[in-house]
Structure formats: C-alpha cells, structure tokens
Amino acid sequence: MFEPLKAKYFEAPTLELSRDLLGKILVHEGPEGIVAGRIVETEAYMGAEDRAAHSFGNRRTKRTEVMFGRSGLVYTYQMHTHTLVNVVSGPEDEPRAILIRAVEPIEGIEFMAERRGHHMPMKQWTNGPGKLTKALGITMDYNGHHFTERPLYIAEGEAVHAVSTGPRVGIGNSQEAVHYPYRFWESDNPFVSKFRP
DNA sequence: ACCCAGATCATCT
DNA sequence: GATGATCTGGGTC
C-alpha cells in the first residue's frame, strides 16, 4: 500500500518543496478505512518576511507555534467553519509552511462521497483547502503531528505532467506579498481550486 | 454578487 | 469583554 516518506524529504527549501509536493499522495488511514488524494495545488508561506504568512514578523502565538518547529510537522488551523492543513517547512525557528490547496481523489472514494455529500459532483469534493480536509477526515487534532507517521502522512506518488505558478489566493490585504508567485499547481488538472477574485 | 457560518487573534475599550 | 479581519465554502439572489 502507501508508505510514508522519510523526514529528510521535508528538509528541501520551501519553494522547492512546494513544487515537489505536487504529485505526492496525502494519505489518512482513518477508523473507517484509507482515504488518499494526489496533491495538485500548494501555496508557500515564507515566514517572517512574508506579509501573507501567519508568522509574519515572527509573530508567535498558540496557533502559529507549530510553524517554528521542524520541517514535516502538520500545521492545521481553522478558517471560520473549515480546517486547513499545511506542511511545516524550513529549519527550526524559520516559521515557514506550505498550504495544501487541492488534491485529486485516489483511494477511499466512497468515504469521501459520504463526508462531502453524495449530491456533490466528484470534481468539487477536494478542489479547495477546506474541502479536502473534510473529504479526507483531517481535523485540528492533527496539529503538531508529523507527516512521516501514520495515520496521517505523505507518500510517493505519480509525477506531475507540467507545473504552473502564480499569485496566491485570498490574501488581499498583504500589500507587496499579493503578487509573489508562491502558488503551484499541476497545469490543466481539473481538481485545482478556483481563483478567488 | 452577496450573505453567513464562527475559530483565532490584534486592537481596541 | 467586544469588535473587526481573515490563507473559505455553501447556499441563495
């Protein structure tokens, strides 16, 4: 089946890792069974110097604390009623993270359908950061977990065909950071999220 | 295009 | 202790 990647994998520079995570498999071995999705969209948040990052200016709160830890840790946070999941990146005390914005359903289709609602077309199950956490059953309980460990981990996958880059989504008030090309997605993949105008 | 659900945090009072 | 903003999604208009 799927095997977790080693901790060393997550030590790559943040932008490189954001690009490389495309095609990898996000796996959750939940109580009901295995659900997995192929990562097709990510966004890098570059820590102290990035106005769009929670950790801008090394802001350290209960929420951002895990971003200061070692690479490969799970950073989850709530956006209104939704949970969003990030991969912590960079050495300790460099509070960088990569937001997983979209995945392509691979395994456990029936569990995803159940959690997202059978009336919804498959394309809309996981094409957004709040949607994929719900589809895969990822909750705030995983904050501080490590992506090399079951039951929530990242595994080797199928290489991406082509990668596009562009500005990040939904960071309107972040001044100069608004235009940084820190969003990565697999070109023409139908499970990539819609840009928010 | 708007509305609202409501966790977390900064910035008030 | 209250308010306003946010890395969003679903429903409705």
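Quick note on labels: first sequence line is chain A, next is B, and so on, each numbered from 1. Basis for what follows: all heavy atoms, side chains included, without hydrogens, waters or symmetry-related copies.
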Can you measure A:Asn58 atom CG to B:dC9 atom C1' for me and round it to whole angstrom units? 17 Å
Would you indicate, yes or no, if C:dG10 has its OP1 or OP2 atom less than 4.0 angstrom from a side-chain nitrogen or oxygen of A:Lys131? yes
Among the nucleotides C:dG9, C:dT8, B:dG6, which one has an atom lying closest to any side-chain atom of A:Met79? C:dT8
Reported CD-to-CG distance for the pair A:Glu186 and A:Leu22, which is rounded to 0.5 angstrom: 7.5 Å
Over how many whole Å does the gap from A:Gln175 atom CD to C:dA5 atom P extend? 15 Å
Contact class for A:Lys134 (heavy atom, under 4.0 Å): base, sugar-phosphate, or nothing? nothing
Report yes if a side-chain nitrogen or oxygen of A:Arg116 is closer than 4.0 Å to either non-bridging phosphate oxygen (OP1 or OP2) of C:dG9; otherwise report no. no
Whole angstrom is fine here: how far is it from CZ in A:Arg51 over to C1' in C:dT6? 16 Å
Nucleotide C:dG9, atom P - distance to CZ of A:Arg101 in whole Å: 7 Å
Under 4.0 angstrom between A:Arg59 side-chain N/O and B:dC9 OP1 or OP2: no
Given that A:Ile171 and A:Met120 both sit by DNA chain C, which one's nearest nucleotide is further toward the 5' end? A:Ile171
DNA chain B: A:Met140 or A:His82, which has the more 5' nearest nucleotide? A:His82
In the strands shown, is B:dG6 matched to any nucleotide by a Watson-Crick or G-U wobble pair with both distances under 3.5 Å, and which? none
Hey, could you give me the CD1/NZ distance between A:Ile154 and A:Lys24, rounded to the nearest 0.5 Å? 9.5 Å
Take atom CG of A:Leu84 and atom P of C:dT8, then tell me their distance rounded to the nearest Å. 7 Å
In the structure shown, which nucleotide is the Watson-Crick or G-U wobble counterpart of B:dT13, with both distances under 3.5 Å? none
Pair A:Arg115 + A:Glu32: basic N to acidic O under 4.0 Å: yes
Just the rounded figure in Å: distance from C1' of C:dG10 to CH2 of A:Trp125. 17 Å
Using a cut-off of strictly less than 4.0 Å, decide whether A:Thr61 has a side-chain nitrogen or oxygen near OP1 or OP2 of B:dC9. yes
Base, sugar-phosphate or nothing for A:Arg60? Non-hydrogen atoms, less than 4.0 Å. nothing
A:Glu43 with A:Arg168: basic N within carboxylate O range, under 4.0 Å: no
Nearest-Å distance for atom pair CZ/P, residues A:Phe56 and C:dT6: 15 Å
Is it true that A:Asp93 and A:Arg70 make a salt bridge, defined as a side-chain N closer than 4.0 Å to a carboxylate O? no
Just the rounded figure in Å: distance from P of B:dA5 to NE2 of A:His80. 11 Å
Which nucleotide, B:dA5, C:dG9, B:dC9, lies nearest any side-chain atom of A:Pro129? C:dG9
